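Structure first, commentary second.
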Amino acid sequence: IVAAGWAWKALDRQDVPGLAWAGLAALCAAGVHGMVEVVFYGEPTLPVIGAALGFASLAAPAPAPRLAEPRRVQAWAPFLAGAALLAGGLLVFYRPLAAAWYANLGALEQSRIELGQFDPANFDHPSLEQIRRQSDLGQAQALFEGALGFQPGNLTALQRLSLIALARAEYAPALAWMETAWNASHRDLTTRLIYGDALVAAGQPDRAADILQGASWAGGRLAGQGWARYWERGDAPRAVFAWEAALMLDPGNTDAAAWLAAAKAHVKP
């Protein structure tokens, strides 16, 4: 609200610095971004908002005249302050920002390939997992791994690499990536769901169910995966794990119970 007031009052000024308009634009961009993904308010990048707010404050109503300072100080002070801010930002944020850059490029590359083949009107012909199995996502994976080189706990890279690995039946790396995310204290719903998937694939349905407790539709999701990801691909043991976890989360799922009984009949003791 204060920044909006500065912007309104700045319309009557003739000497609003360019950095002020840049700061106001940055706050608008952060606000729009926060409508869909609230990254800035929960990550180490939070001070960036403070920097943008500081620049935006230059758009405040013109201050009262002050005694003139020596011209040399007036000329160099903004440059020195900017250089100090840039140096401090590079020291603090270089690696996380570089990781975010690589992770975002990887997400764009992955989306470009997947959405080019995905038909939302027929979402299972082919399914997203089929697209991931048959597509060359090597460039996207390389970018995600580059992100992890700068920041081993980059959540976007860990989640996306794990999802690709799960679709391709590469279960050991899928679990390793999600354990890295879990050990870094990520507890958001997406992390819990993917970690649960990886635990089921690793034969740990009890732990998967424990992690997914409270996620209202996690049971139905696992039941569907038991059929589409495992049973249809001839992996009856993992289908058993998926349906066991689904029933732990949703004991009333009669379809999962019937599928589990059928799958157990195909699994040798």
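Atoms considered below: every heavy atom in the structure, side chains included; atoms not considered: hydrogens, waters and symmetry mates. Note that the numbering runs from 1 along the sequence shown for the chain. Since the model is a prediction, treat every value here as computed from it, not as a measurement.
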Report whether [X] and [Y] are members of the same hydrophobic cluster (ILVMFWY, side-chain heavy atoms less than 4.5 Å apart, transitive linking).
| X | Y | value |
| --- | --- | --- |
| Leu161 | Leu175 | no |
| Trp227 | Leu260 | yes |
| Tyr171 | Leu158 | no |
| Trp182 | Leu199 | yes |
| Phe241 | Leu166 | yes |

What verdict does the side-chain contact (heavy atoms from CB on, under 4.5 Å) test give for Ser135 and Glu114, after you've listed the backbone C-alpha separation in whole Å, the side-chain angles of each residue and the deciding distance to 0.1 Å? CA-CA 8 Å; Ser135 300; Glu114 293 178 353; 5.8 Å; no
Residue pair [X] / [Y], side-chain heavy-atom distance below 4.5 Å:
| X | Y | result |
| --- | --- | --- |
| Tyr195 | Arg207 | yes |
| Trp6 | Leu58 | no |
| Trp177 | Leu148 | yes |
| Glu244 | Lys264 | yes |
| Thr190 | Ile194 | yes |
| Trp101 | Leu105 | yes |
| Leu193 | Trp217 | yes |
| Gln204 | Val200 | no |

Using atom types as modelled and distance alone, determine if a side-chain donor or acceptor of [X] lies under 3.5 Å from a backbone N or O of [Y].
| X | Y | answer |
| --- | --- | --- |
| Arg238 | Ala201 | yes |
| Arg132 | Ala167 | no |
| Asp250 | Ala246 | no |
| Thr191 | Arg187 | no |
| Ser111 | Ala107 | yes |
| Arg229 | Glu129 | no |
| Asn154 | Ala157 | yes |
| Asp210 | Asp206 | no |

Take Leu128 and Leu163 through the test side-chain contact (heavy atoms from CB on, under 4.5 Å) and record every step on the way to the result. CA-CA 10 Å; Leu128 192 53; Leu163 285 169; over 6 Å; no
Ion pair Asp197/Arg221, N-O distance below 4.0 Å: yes
When rounded to the nearest 0.5 angstrom, what is the spacing between [atom1] in [X] and [atom2] in [Y]?
| X | Y | atom1 | atom2 | answer |
| --- | --- | --- | --- | --- |
| Leu108 | Gln139 | CG | CD | 12.0 Å |
| Ile131 | Ile164 | CD1 | CD1 | 12.5 Å |
| Asn122 | Ser127 | CG | OG | 12.5 Å |
| Ser216 | Leu189 | OG | CG | 8.5 Å |

Is there a side-chain contact (heavy atoms from CB on, under 4.5 Å) between Gln117 and Gln134? Walk through the geometry before answering. CA-CA 11 Å; Gln117 304 174 58; Gln134 67 193 21; 3.3 Å; yes
Parallel, tilted or perpendicular: ring planes of Trp231 versus His266, cut at 30 and 60 degrees: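 Rings of Trp231 and His266: perpendicular, over 60°.
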Identify the two heavy atoms, one from [X] and one from [Y], that lie closest to each other, and give their separation to 0.1 Å.
| X | Y | value |
| --- | --- | --- |
| Phe118 | Pro126 | CD1-O, 4.4 Å |
| Ser162 | Met178 | OG-CG, 3.2 Å |
| Ala99 | Ala147 | O-CB, 3.3 Å |
| Ala218 | Leu212 | CB-CB, 4.1 Å |
| Ala56 | Leu27 | CB-CD1, 3.8 Å |
| Gly226 | Trp243 | C-CZ2, 3.5 Å |

Taking it one step at a time, do Asp136 and Ile113 satisfy side-chain contact (heavy atoms from CB on, under 4.5 Å)? CA-CA 8 Å; Asp136 181 6; Ile113 294 171; 5.9 Å; no
From the options Gln159, Glu109, Gln110, select the one residue that forms a side-chain contact (heavy atoms from CB on, under 4.5 Å) with Phe144.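 Of all the options given, the one that passes is Gln110.
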